[in-house]
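A short worksheet on the structure shown next.
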Amino acid sequence: IEVLNMAQMTNYLMVGHNIPPFPDPPQRVMDILNYEPDNSSSAMANGKGFAMGAAFNFETGEQTFLMFYGSFGCGLGFDIMLKDFSDYTCAGRGSMGINGWYAQGQAYAWVAATVGIKVNLRFYKGRYEILDFQAAALLQAEAPNPFWMRGTVGGKYNILGGLVKGDCRFDFELGEKCELVATGSPLDGIEVIADISPKDGKTDVDVYS
């Protein structure tokens with residue numbers, strides 16, 4: 001759903017036997033937080049389960065008033081997945097979830113603002129940025145058996161064209177992260193021996209065969 005080319009609302013719901021791996025946070029959130037996604041489960045095959053999510057984004061684009069220009073944007077959203085991990089265990093732990101069913105979820109938000117002034121003097125013409133500010137928060141959780149939660153909050157600021165600038169980030173982590181391990185053999189379903197030569201019962205076989 002899109003309104004006035006500024007606000008956008010997206011929603012999804014998936015139920016079935018071909019649910020993809022859990023999604024990464026939005027790129028905007030990862031850029032602000034300098035966040036590196038955990039790809040430990042990215043190689044996991046699609047499986048049966050339930051997934052849903054929603055996101056809201058609002059961006060004004062560049063707006064002008066007299067000699068000033070600026071832009072503002074914000075967004076928030078969530079993803080939730082309940083999936084059958086019966087073919088996986090946690091490394092060093094064994095079984096996971098309840099009868100193999102395990103839940104993953106994340107919630108996130110971001111805000112960004114820029115303000116500047118357009119200078120048009122005889123001896124100088126150009127754009128002078130007064131303020132550039134970005135902040136984001138991300139909360140991720142997995143449960144039950146084992147339970148794990150991680151939160152990250154951070155931001156960046158740039159004032160008076162870089163005269164004052166910096167960034168900050170705060171993290172916390174609770175519980176035990178599950179490192180997925182497939183329970184089946186990687187050779188399941190593969191015919192390892194395709195042919196045997198010489199054939200059983202064959203006579204007068206050359207010694208080099």
TODO: Return the minimal non-hydrogen interatomic distance between F50 and I19, and the atom names on each side.
DONE: N-CG1, 4.3 Å

Open item on the list: For a quick test of reading the model, state the closest non-hydrogen atom pair linking Y108 to A54 and the distance between them.
Closed with: OH-O, 4.1 Å

Task: Expected output: side-chain K83 to main-chain P20 donor-acceptor under 3.5 Å - done: yes

Open item on the list: Is there a side-chain contact between Y102 and C178 in this structure, where contact means two heavy atoms from C-beta onward sitting under 4.5 Å apart?
Closed with: yes

- [ ] Would you indicate whether the side-chain heavy atoms of Q134 and W110 approach each other to under 4.5 Å?
- [x] no

Task: Which atom of F56 lies closest to which atom of A7, heavy atoms considered - done: CE1-CB, 4.1 Å

Task: Test item: F68 and Q63 side chains (from C-beta on) under 4.5 Å apart, heavy atoms - done: no

Open item on the list: Can you confirm whether more than 12 heavy atoms, excluding those of F65, are under 6.0 Å from its CZ atom?
Closed with: no

TODO: Taking T60 for its side chain and F72 for its backbone only, find out whether a donor-acceptor pair lies under 3.5 Å.
DONE: yes

Task: Heavy-atom pair of closest approach, residues P23 and Q106 - done: O-NE2, 3.6 Å

- [ ] Could you check if a side-chain atom of L160 sits within less than 4.5 angstrom of a side-chain atom of Y128, using non-hydrogen atoms only?
- [x] yes

Open item on the list: As a quick check of understanding, evaluate side-chain contact (heavy atoms from CB on, under 4.5 Å) for M52 and F78, giving each step before the final call.
Closed with: CA-CA 8 Å; M52 66 176 295; F78 72 91; 4.2 Å; yes

Open item on the list: Are more than 12 heavy atoms, taken from residues, nucleotides or ligands other than D204, located less than 6.0 Å from that residue's CG atom?
Closed with: no

- [ ] Would you mind reporting whether E176 and C90 have side-chain heavy atoms less than 4.5 Å apart?
- [x] no

Open item on the list: Within a 6.0 Å radius of atom CG on L174, are there more than 12 heavy atoms belonging to other residues, nucleotides or ligands?
Closed with: yes

TODO: For residues R169 and D171, determine if any side-chain heavy atom of one lies less than 4.5 Å from a side-chain heavy atom of the other.
DONE: yes

Open item on the list: For the CG atom on L4, are there more than 12 heavy atoms of other groups (residues, nucleotides or ligands in this structure) within a distance under 6.0 Å?
Closed with: no

TODO: Looking only at non-hydrogen atoms, find the nearest pair between N99 and D84 and report the distance.
DONE: O-OD1, 4.5 Å

Task: Q104 and W148, any side-chain heavy atoms less than 4.5 Å apart - done: no

- [ ] Please name the pair of heavy atoms, one in D31 and one in K156, separated by the smallest distance, quoted to 0.1 Å.
- [x] O-NZ, 3.1 Å

Task: Within-4.5 Å side-chain heavy-atom neighbours: D24 and Y35 - done: no

Task: Rounded distance (nearest 0.5 Å) linking atom CD1 of I32 with atom CZ of F133 - done: 9.0 Å

TODO: Please determine if E62 and R127 form a salt bridge, counting it only when a charged side-chain N lies under 4.0 Å from a carboxylate O.
DONE: yes

- [ ] Decide side-chain contact (heavy atoms from CB on, under 4.5 Å) for D79 and M81; before the verdict, give the C-alpha distance in whole Å, the side-chain angles of both, and the deciding distance to 0.1 Å.
- [x] CA-CA 7 Å; D79 299 284; M81 176 183 290; over 6 Å; no

Open item on the list: Taking the basic N atoms (NZ, or NE/NH1/NH2) and the acidic carboxylate oxygens, is any pair closer than 4.0 Å for D200 and K202?
Closed with: no

